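Ligands are counted one by one from 1 in listed order, and the atoms in each one are counted from 1 as well. Quick note: residue numbers are just sequence positions, from 1. As a basis for the values below, the full set of heavy atoms in this structure was taken, side chains included, without hydrogen atoms, waters or symmetry mates. Just so it is clear, the model here is predicted, and its values are computed rather than measured.
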Amino acid sequence: MNPHDVIAAKNSGKSISTTDLYSFISGYVEDRIDDTTMSGLLKAIFDHGMTHDEIYTMVDIMIHSGKQMHFEHLNEYVCDKHSIGGVGDKTSLVIAPLLASAGLYLPMIAGRSLGHTGGTLDKLETIPGFRADIPLDEFQKLVKNNHSGILAQTSEICPADGKIYALRDITGTIASVPLIVGSIMSKKIAEGIQGLVLDIKVGSGSFMPTLDEATELAEMLKEVGEHFGVRTDLVYSNMDQPLGRFSGMWCEVREAINCLSGEGPKDTMAVCFKLASKLMIQSGKAKDETESDSILNKLIENGSAYEKFEVMTAAQGGDLNEAEYSPSYTLDIVAETNGIIQSMNTTEIGWGLVEMGCGRKHKDDILDSSAGLECHHKIGDEVQAGEKLFTCFCNNKERLKKGVEKISNTVCISSEKVELSLFYN
Ligand code: URA
């Protein structure tokens, strides 16, 4: 196989054969194909897409680039939740312990920051000592004992996704249906799960801003899930503004803890409960959303959900007693006029957070655990000129300034009433 011929064929609209795709991806994982050549293929796929058969093949190759987990010996439902990426999205941090405390098993492989969106692992690693990069055997034991754990994509599991994910992040090839499907579904299928719920974010902070784009992606994700025997449910949730009150690093973990302790923001709780209910119903633990909500509320009220979070983080070396950050620098962004918040440019808010140390512009960028923002108002709120919209914080004055510059003009205010619905289905 000549990689340049494969790229040229894709660029002329032809599909790639199974053998060529296998040689290309395995060659990249084994360092026989370099980043520049792989970027050529990613760009060609980004521009010309892939057929359904090519996508199935790519997912299969990515799964088999590493090992797969097996949980057949557990007599319980094994499942997971995954989001296509957003700003302020800490739902995995809430759903994994919450459902684990309900008796489900969730061997969750989570991601790092991608483009303007935050990464569950980066947030979790703000807890001193927390290890996401653990051997697969050890991880499977943790899941057996604690019902859940949160693992990074490692050299053992889906290494193809690990390398491609990092390259997509710096080559402008993130928002591509086949590449997102390959990335998400290879990891999820390799987990050995029976069921999955996908949080399809739609709106100004999503890789899929319109419902049409999001639907195309969602249907492909579901089709691949079912093709590989994983029952897959979809929830379309609104990403026109950051989710919750806080977005960033440790501040999101703290907000997730609030959610698990019954003090979470309404929007975050609603998205978590909706996603969790799909898995409660799939597993037979609840007959409908109302029953699921009532079971999950009890687990929060009696402390089981938060206790599970403590057990899970401790099992992966995290010391919650040591996790508190007081950022050295803080700046407020205020409303320039009176009126009602109409919209937010949430992708730009995400890029502002990246500037402040919550994400990467280059592979080796160092993140800042103290960084983030507090969102004082949401779309539909009435504000007065001079009133605080966001408080931004981090440990580096220059980075804070750059972040604030990006976030400053992201809110549109006028006199019209607006109502935003949290879900599209
Ligand atoms: N989450 C992933 O794991 N991969 C993507 O490409 C997007 C979101």
Residues, nucleotides or ligands: over 12 heavy atoms within 6.0 Å of K402 NZ: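 Incorrect, the count does not exceed 12.
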Looking only at protein heavy atoms, which one is nearest to [atom], and how far off is it?
atom                   : value
atom 3 (O) of ligand 1 : K187 NZ, 2.5 Å
atom 4 (N) of ligand 1 : S183 OG, 2.7 Å
atom 1 (N) of ligand 1 : H82 NE2, 3.3 Å

Taking 4.0 angstrom as the limit and counting only heavy atoms of [X], give me the atoms of ligand 1 inside it, by number and element.
X    : result
I84  : 7 (C), 8 (C)
I184 : 1 (N), 2 (C), 3 (O), 4 (N), 8 (C)
Y165 : 2 (C), 3 (O), 4 (N)
L114 : 5 (C), 6 (O), 7 (C)

Using a strict 4.0 Å threshold on nitrogen-to-oxygen distance, state whether K163 and D31 make a salt bridge.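 A salt bridge links K163 with D31.
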Could you go step by step and tell me if T91 and D89 meet the side chain to side chain donor-acceptor pair (under 3.5 Å) rule? CA-CA 6 Å; T91 55; D89 179 14; 2.7 Å; yes
Candidate pair D199 and S237, rule side chain to side chain donor-acceptor pair (under 3.5 Å), full reasoning: CA-CA 7 Å; D199 184 9; S237 71; 2.7 Å; yes
Search all heavy atoms of S39 against all heavy atoms of T171 and return the closest pair with its distance.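 Where S39 meets T171 most closely, the heavy atoms are OG-CG2, 3.6 Å.
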Classify the ring geometry of F207 against H116: parallel below 30°, tilted from 30° to 60°, perpendicular beyond 60°.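 The rings of F207 and H116 stand perpendicular, inter-plane angle above 60°.
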